[in-house]
Every structure is written in structure tokens, then in C-alpha cells.
Amino acid sequence: MDLEEEIAKPTVDEMSVRPNLDNYQEMTATFEWEDMYSELDWLPGGGLNKAYECIDRHAEGPKRNKPALIWEGKNGEQETYTFQELRRETNKVANALNEIGIKKGDRVFLFLERIPELYFSFFGILKIGAIAGPLFSAFGPDPVRDRLEDAGAVALLTSPDLRERVATIIDDLPALKHVIVINKDGRHENPPMGSKDVSYETIVGAASDEFTIENTTMYDYSVMHYTSGTTGKPKGAVHRHLAIVQQYATGKWVLDLQEDDLYWCTADPGWVTGTSYGMFAPWSNGVTQLIDESGFSASRWYEMIQRHKVTVWYTAPTAVRMLMKAGEDIPARYDLSSLRHINSVGEPLNPEAVVWGQGVFGQPIHDNWWQTETGAILIANYAWMPVRPGSMGRPIPGIRVGILDDEYNELPPGQDGHLAIRSGWPSQFHSYWQAPERYNSRFLKGWYITGDKARQDEDGYFWFMGRADDVINTAGHLVGPFEVESALIEHPAVAEAGVIGKPDPIAMEVVKAFVALKEGYEVTDELRRDLNRFARTKLSSAVAPREIEFVDSLPKTRSGKIMRRLLKARELGLPEGDISTLEDD
Ligand code: PRX
């Protein structure tokens, strides 16, 4: 379907109807996203821009002095910004970016710790109509280079420490014109200054805080997130400004955001949850959110909930399992009674975790399902709906979810198959950057094929069965085996590598590599350590293999493709399945 033809402009009011126990059936039967679009132009002067919906709209109205962002730094710093202050800060970034020649449609990447300037920069990029590409701050140089190169990024916003980590790649990227270095509060005494570098504090400090947002249309690109597939390097899933409509609606429908909420999303903006639900959903709803620069710590997380009186919390199954592991004595020391709705995404949420949540928080954890490509939540357990522990819940109004057989025909409830969504929802990705074939391959018979296997029960609840491909889900982060294999074979001792996900009680899966060495190399503890170090430096500890097993050779098809499925079956002691294409050696 051509969305450009089908969809006119969205309105806010109709979307404020929330599904509930009484109206869900009727709403899912009758709700059409297209009906929500009217002549209303959200952006003054016409068009649609996420930055206006999230910031300026509130800064111009009664919420202007309401805190939008409450930040806790890793050194105990605390900063609060109202919607009005966010507007000024983002305006300054927008002016500074324009000043150095960045324009509409340019790709501008962010490689930053979770500091307020990340958020100012992100929305500054959107205000000038450029495309924001956030990167996970734990990445090593290879993933950063691959993504900037593929996107033809013209600018990178980063911090002195992260700039240093990827120093070797900057000159390899001819399209990259500017490295904008943010030295928050002078944290770094002597920030590096290469020939492409400019200081954020200098250019933003000199910029005006008045700015007229570029009048982007709903079809203009806003954000790109790289996501992993089975083959090839990660691809940039590109979203349009239009996605805000569904991010806004699901903020109400699923996260149940209300005017006085204090919302906390623990995801990093380098991943899609950290933008769709760590920026767009709460702020388009005018809700105050907490941003924590530090990583996971059970006691500190409970303390944050208590001190900030967090009401709505969005986290991930791995984090929940880590909290479970830390025991129930710790939460008993805190007052967690402010919490009224807890959500999780990214991996299957074990039924035990739902039950555990009931004990510790006095309420279940609500699992929901979506992907980088879907841009927003599509299947959810709602606050008002009885949770079936282990289920991802039921579809949001306005979309159709199907379970398909291998010919992509719909199956009845009760059978396992490919989880697919009828194409045409507002936050649907619009391309993989410069990879049209890969994009087209995801759409068959009018369905978007998610790559997941699932089952629907008689009552319309969906149950996750597993991935249909080799993509690894480690702690909620998708890792493409090819990306890891490519990094490993750059080591001088490695002849070939095959990478799989190995089940893990906390992270769901960990990355395991099987490595065959080149002639003349021997397996030693030193080589093992060196290879581990090599992978972690190039990739990041989040993506690098947790386990490396040396083998004489890897099972391959006759056409030379490494049979990861067979490696996995052998690892798990499962039947080897069809091995008729296996190369004999
Ligand atoms: O395999 C599914 C898993 O995470 C994939 C999407 O990952 P990503 O694009 O990185 O986006 C993550 C955050 C939205 C899915 O294809 N996944 C996501 N949510 C669930 C899940 N698996 C099981 N249950 C879920 N609730």
C-alpha cells in the first residue's frame, strides 16, 4: 500500500480514546489509522515534525514550565529541564548545525553517553529536518565505522572519551565532515581536537535560542536505527516523522501515560526503545521523564524509583532477571508504592518474572512486543487486561497480526508460524538505507514478515516461540552473527568463524563463536585471551563473543555457507536436522 496516498494528516483528539476492557473488542474491530487523519496540520505553517510534537508544542502552552527531563549523572549530578528550556537548548543545536552547513536530509549520528546534550542534539537534528542516527555508546570502532559509512553520515556528535575510542576510524570516512565534541561540564581536561572536530560548547554556546522548525512533512525521514539480520552488516531502518502518531498513541494505550506521571524508560537511545519510548512517546504526551546516565544496579534502581516516585516504568526482561537474581531483600528496603504500571520489551518475559513482579511490586510486569522496524509497540499486555504470564499480549487497535505458514498463508489459532503484520501502520519503517532488496524481502503477500515465530491462542493472545533466523538476542540486543564473524576473521590467526546464540539464564542468549585457526597457529591461553580482547575492542563487550570454542573446521554447505544451525544443534545436543546440503570433508 502506498501510505502517501492513503494517509492524510493526523489529529490528536481522536487518539486520546484509550482501549479498555469494555471497548477493546469494538475498538480493534472498527479502528482505522486512516480515519484519524484530518486536515489538521500539527506544525505551524504546515507539515509534521517530531521535535514540535515532543517539545515546542508544550513549550508554547500551559506545560511550558513543566519538567520534561530529570537527569541523574554518573557522578551524582542532577539537572532538570522544562519543556521551555528543552525548546531553547534544541533551538541552539539546530542553529549551530545549520551554521556549520548541515541541512535537511543529512545523516547526523550521535555516539554519546546518556547526557542531556544527547537529547538536545537529537531534537536539534530533527528540527533542521536532518536524520538522526543514534549509536549505542558501548560500541567499539567497527560497528561505529560500518554504520557511519553505510549512512554516509556528515556529522557525528560525541564525547571526548568516545571520540578517543573510535579515533582510528574518523579519517576513513570521507563523507564525515564534522565531529562535534561535547565536553559536558568540562569532564575531560583536554579534549582531543582533530581536523574535523569542533567544540559543541563553542558552536552551541554562540547560537541563538530562537529557531523556526524546518517544515518537514510526515513522509520525511526522521530517525534511523541500525538493526541486525542473518547475513551482511546491519541495515539502517529508516522512520518518518509520521511515526510520532503511533508513538504518541501507544504511549497512552500501552504505557498508560497520564498527565502527572513520572516515567522511566531504562533503555539506551542507541536502541529503538530508547528513542520511541525514551523520547517520543513520553514527550509527545507531555510527560516528565527520568534519564539515568549510569547502567544497571539493583539497589540504585530501586532507590531511583523510591526517590523520584516513578509511576510508569518501561524496562527489559534481562534487567528483570537481574533484579530477580539480586533477591527480594533489597526491594523490601525501598518504598516502591509509587509504581502503578510496569512494562517490558525486547525478549520473552518468563512467566516466573511476571509472578515475581506481582510479589515484589504488587502488580504484574506487562510484556509487549515490537521491533526496530515496527517503530512502535504492536502487541501488548495492557494495564486493564488480565495478564497471561508468558504471553506478549494482544494487538493494538488499528493493526492486523497474522500467523502464517511457510507459504505465507494465514494459519488458524493454536498453530505455530511466522509472525506477520498487515502492512500499513503509521510507524512502519519506510526503508533500509540503500538496501531496497533487503527491504522488499520483508514484505510478502501484503504482510510484513517479522522474522519471529509465534502462536495465537483462541482468545487472541500471542505467544513468542523463537526467531525464524540466526539473529541472536542477547540481553535484548539483536546481534547479527555475520557482524561478529567478520570481526573475528580479521584477527591474523583466524581462518574462519561461525557464531551462534547460546541459551543463558539471564541474558536469554550469549554470543558464542566457533573458530578454526589458520595453518601454523596453535590454541593457547594467550591466543584465546588475545582473540577475546581483539573482539571486545573492535565490537564492544555487548556484541563480542562471551565464549570462544576452537574447532578444526566448521560445517559448511556445498556452496560454502557456514551452517550455524548445525553448530547450534550440536551445541545444544539436538537433532542435526536436514544436513543434505552439508559439504563432505
Ligand atoms: O525477536 C523479537 C524480540 O526482539 C526483536 C526485535 O528487536 P529490536 O528490533 O532490537 O527491537 C527491540 C525493542 C523493541 C523481535 O523480533 N522481541 C521483542 N519484544 C519481544 C521479543 N521477543 C519476545 N517477546 C517480546 N515481548
Side-chain angles (χ1 to χ4, degrees), residues 134-136 143 223-230 234-239 243 246-247 250-251 254-255 265-281 314-321 342-351 353-354 364-382 387-396 401 403 416 418-421 427-429 432 442 448-456 461-480 483 501 503 507-509 542-543:
L135 297 169
F136 184 39
V223 181
M224 67 197 298
H225 278 284
Y226 275 78
T227 182
S228 297
T230 311
K235 296 283 178 286
V238 192
H239 289 281
Q246 200 173 337
Q247 289 152 350
T250 49
V254 181
L255 302 180
C265 169
T266 59
D268 188 89
W271 309 102
V272 74
T273 311
T275 55
S276 292
Y277 294 95
M279 296 184 187
F280 301 133
Y314 199 11
T315 189
T318 294
V320 173
R321 289 191 288 269
I342 310 173
N343 305 270
S344 121
V345 73
E347 317 144 58
L349 182 68
N350 332 44
V354 179
I365 298 168
H366 296 77
D367 187 23
N368 52 63
W369 178 96
W370 58 292
Q371 302 181 308
T372 304
E373 288 86 345
T374 73
I377 297 168
L378 296 187
I379 302 175
N381 287 283
Y382 306 86
V387 170
R388 294 200 174 162
S391 159
M392 310 190 285
R394 291 196 279 173
I396 62 160
V401 181
I403 299 292
D416 292 5
H418 299 277
L419 179 69
I421 319 293
S427 64
Q428 182 174 326
F429 73 132
Y432 285 125
R442 302 294 300 262
Y448 163 70
I449 312 298
T450 66
D452 285 348
K453 291 278 193 101
R455 177 166 36 86
Q456 185 181 8
Y461 284 71
F462 283 84
W463 300 76
F464 181 80
M465 311 285 29
R467 294 280 312 182
D469 58 21
D470 294 340
V471 172
I472 300 160
N473 189 332
T474 181
H477 299 155
L478 296 192
V479 176
E483 194 178 14
M508 185 166 118
E509 290 185 306
V543 178

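Predicted model only: the values in this text are computed from it and were never measured. Whatever order the structure lists them in is the order used to number ligands and atoms, beginning at 1. Quick note: residue numbers are just sequence positions, from 1.
- Summary of contacts: the protein heavy atom closest to atom 20 (C) of ligand 1 is Trp369 CD1, 3.5 Å.
- With a heavy-atom cut-off of 4.0 Å, Met392 touches ligand 1 through its side chain alone.
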- Trace of the salt bridge (charged side-chain N to carboxylate O under 4.0 Å, His left out) decision for Glu347 with Arg321: CA-CA 11 Å; Glu347 317 144 58; Arg321 289 191 288 269; 2.5 Å; yes

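- Heavy atoms of Trp370 approach ligand 1 to within less than 4.0 angstrom.
- Between the side chain of His239 and the backbone N or O of Ser427, at least one donor-acceptor pair lies under 3.5 Å.
- With a heavy-atom cut-off of 4.0 Å, Asn473 touches ligand 1 through its side chain alone.
- Every atom of ligand 1 with a heavy atom of Asn368 under 4.0 Å away is listed here by number and element: 19 (N), 25 (C), 26 (N).
- Nearest protein heavy-atom contact of atom 9 (O) of ligand 1 is Thr372 OG1, 2.6 Å.
- Of the N and O atoms on the side chains of Tyr448 and Gln371, at least one donor lies less than 3.5 Å from an acceptor on the other residue.
- Protein heavy atom nearest atom 19 (N) of ligand 1, with residue, atom name and distance: Gly346 N, 3.2 Å.
- The only option from Ile365, Asn473, Leu349 that meets the side-chain contact (heavy atoms from CB on, under 4.5 Å) definition with Pro317 turns out to be Leu349.
- Set against the non-hydrogen atoms of Thr273, the atoms of ligand 1 under 4.0 Å away are 13 (C), 14 (C).
- Ligand 1 lies within reach of Pro348, whose nearest heavy atom is under 4.0 Å from it.
- For a threshold of 3.5 Å applied to N or O pairs, the pair formed by Glu347 and ligand 1 contains at least one separation below that value.
- The nearest non-hydrogen atom to atom 16 (O) of ligand 1, considering only Val479, Asp452, Asp469, comes from Asp452.
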